[in-house]
Chemist: 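This structure is in structure tokens; I'll ask about it shortly.
Each residue takes its place number in the sequence, starting with 1.
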Amino acid sequence: MDIENKARIHWACRRGMRELDISIMPFFQYEYDSLSDEDKHIFIRLLECPDPDLFNWLMNHGRPEDDELFHMVQLIQSRNQARGPVAL
């Protein structure tokens with residue numbers, strides 16, 4: 001997926017699991033544009049992971065073996081926490 005194709009990335013952020021949508025959608029909406037190109041690629045790789053894995057990682061029930069994906073999970077968590085709750 002091209003890091004500049006925001007419509008497609010936005011669609012990939014919609015997971016259908018409320019817990020994931022609450023974490024991933026606000027991060028994309030508020031933070032994606034400020035990421036480096038490298039982090040944008042890592043974010044897209046994270047979106048390609050299965051929902052159960054994403055859920056577990058974002059809820060701190062384990063971590064990805066890939067250190068870059070783990071960094072992105074931590075970045076999503078910290079930026080979302082700093083921004084506070086967002087209504088969808």
Side-chain angles (χ1 to χ4, degrees):
M1 190 176 333
D2 178 19
I3 64 171
E4 300 301 325
N5 189 344
K6 288 183 65 176
R8 188 163 180 196
I9 298 166
H10 182 265
W11 183 257
C13 288
R14 303 178 76 121
R15 307 308 285 206
M17 181 185 278
R18 183 157 176 77
E19 294 86 350
L20 290 178
D21 290 343
I22 288 171
S23 293
I24 295 172
M25 288 301 294
F27 179 81
F28 174 73
Q29 292 170 337
Y30 293 103
E31 308 292 342
Y32 184 79
D33 289 335
S34 67
L35 296 176
S36 68
D37 285 354
E38 180 181 352
D39 279 345
K40 287 177 182 178
H41 285 288
I42 296 168
F43 180 69
I44 290 169
R45 281 197 313 117
L46 186 69
L47 293 177
E48 294 169 349
C49 295
D51 286 354
D53 290 340
L54 285 175
F55 177 80
N56 286 331
W57 299 335
L58 289 166
M59 299 302 137
N60 294 318
H61 301 291
R63 61 161 280 180
E65 290 181 17
D66 182 310
D67 288 336
E68 289 180 334
L69 293 181
F70 182 56
H71 164 74
M72 184 54 59
V73 167
Q74 291 179 310
L75 186 62
I76 291 169
Q77 291 171 327
S78 66
R79 297 260 180 106
N80 285 346
Q81 185 177 9
R83 206 175 36 263
V86 176
L88 291 178

Chemist: Might you point out which heavy atoms bring P64 and V73 nearest each other, and give the distance in Å?
Modeler: CG-CG2, 4.2 Å
Chemist: Among all residues two or more places apart in sequence or in another chain, which pass the side chain to side chain contact (heavy atoms under 4.5 Å, CB included) test with D2?
Modeler: E4, N5
Chemist: Which residues pass the side chain to side chain contact (heavy atoms under 4.5 Å, CB included) test with M17, sequence neighbours left out?
Modeler: E19, L20, F55
Chemist: Got a sec, which residues hit side-chain hydrogen bond (donor to acceptor under 3.5 Å, both in side chains) with Q74, two or more places apart in sequence or on another chain?
Modeler: none
Chemist: Evaluate M59 against S23 for side-chain contact (heavy atoms from CB on, under 4.5 Å), listing each step before the verdict.
Modeler: CA-CA 10 Å; M59 299 302 137; S23 293; 4.2 Å; yes
Chemist: Can you give each donor-acceptor pair under 3.5 Å made by side-chain atoms of residues 41-50, sequence neighbours left out, with the distance rounded to 0.1 Å?
Modeler:
unit_1	atom_1	unit_2	atom_2	d
R45	NH1	D66	OD2	3.1
R45	NH2	D66	OD2	3.3
R45	NH2	E68	OE1	2.8

Chemist: What's the separation between atom CD1 in I9 and atom NZ in K40, rounded to the nearest 0.5 Å?
Modeler: 8.0 Å
Chemist: Taking it one step at a time, do L35 and I3 satisfy side-chain contact (heavy atoms from CB on, under 4.5 Å)?
Modeler: CA-CA 11 Å; L35 296 176; I3 64 171; over 6 Å; no
Chemist: Checking D67 now: which residues fulfil side-chain hydrogen bond (donor to acceptor under 3.5 Å, both in side chains) with it, not counting sequence neighbours?
Modeler: R63
Chemist: Can you run down the side chain to side chain donor-acceptor pair (under 3.5 Å) pairs that involve residues 50-59, sequence neighbours left out, and say none if there aren't any?
Modeler: R15-D51
Chemist: List the residues meeting ring-ring contact (aromatic ring centres under 6.0 Å, His included) with H10, not counting sequence neighbours, and say none if there are none.
Modeler: F28
Chemist: For R79, enumerate each residue passing the salt bridge (charged side-chain N to carboxylate O under 4.0 Å, His left out) test, keeping only those at least two apart in sequence or located in another chain.
Modeler: E31
Chemist: Between atom CG of L54 and atom CD1 of I76, what is the distance when rounded to the nearest 0.5 Å?
Modeler: 8.0 Å
Chemist: Which residues pass the side chain to side chain contact (heavy atoms under 4.5 Å, CB included) test with S78, sequence neighbours left out?
Modeler: L75
Chemist: Taking salt bridge (charged side-chain N to carboxylate O under 4.0 Å, His left out) as the test, write out the residues that go with D37, two or more places apart.
Modeler: none
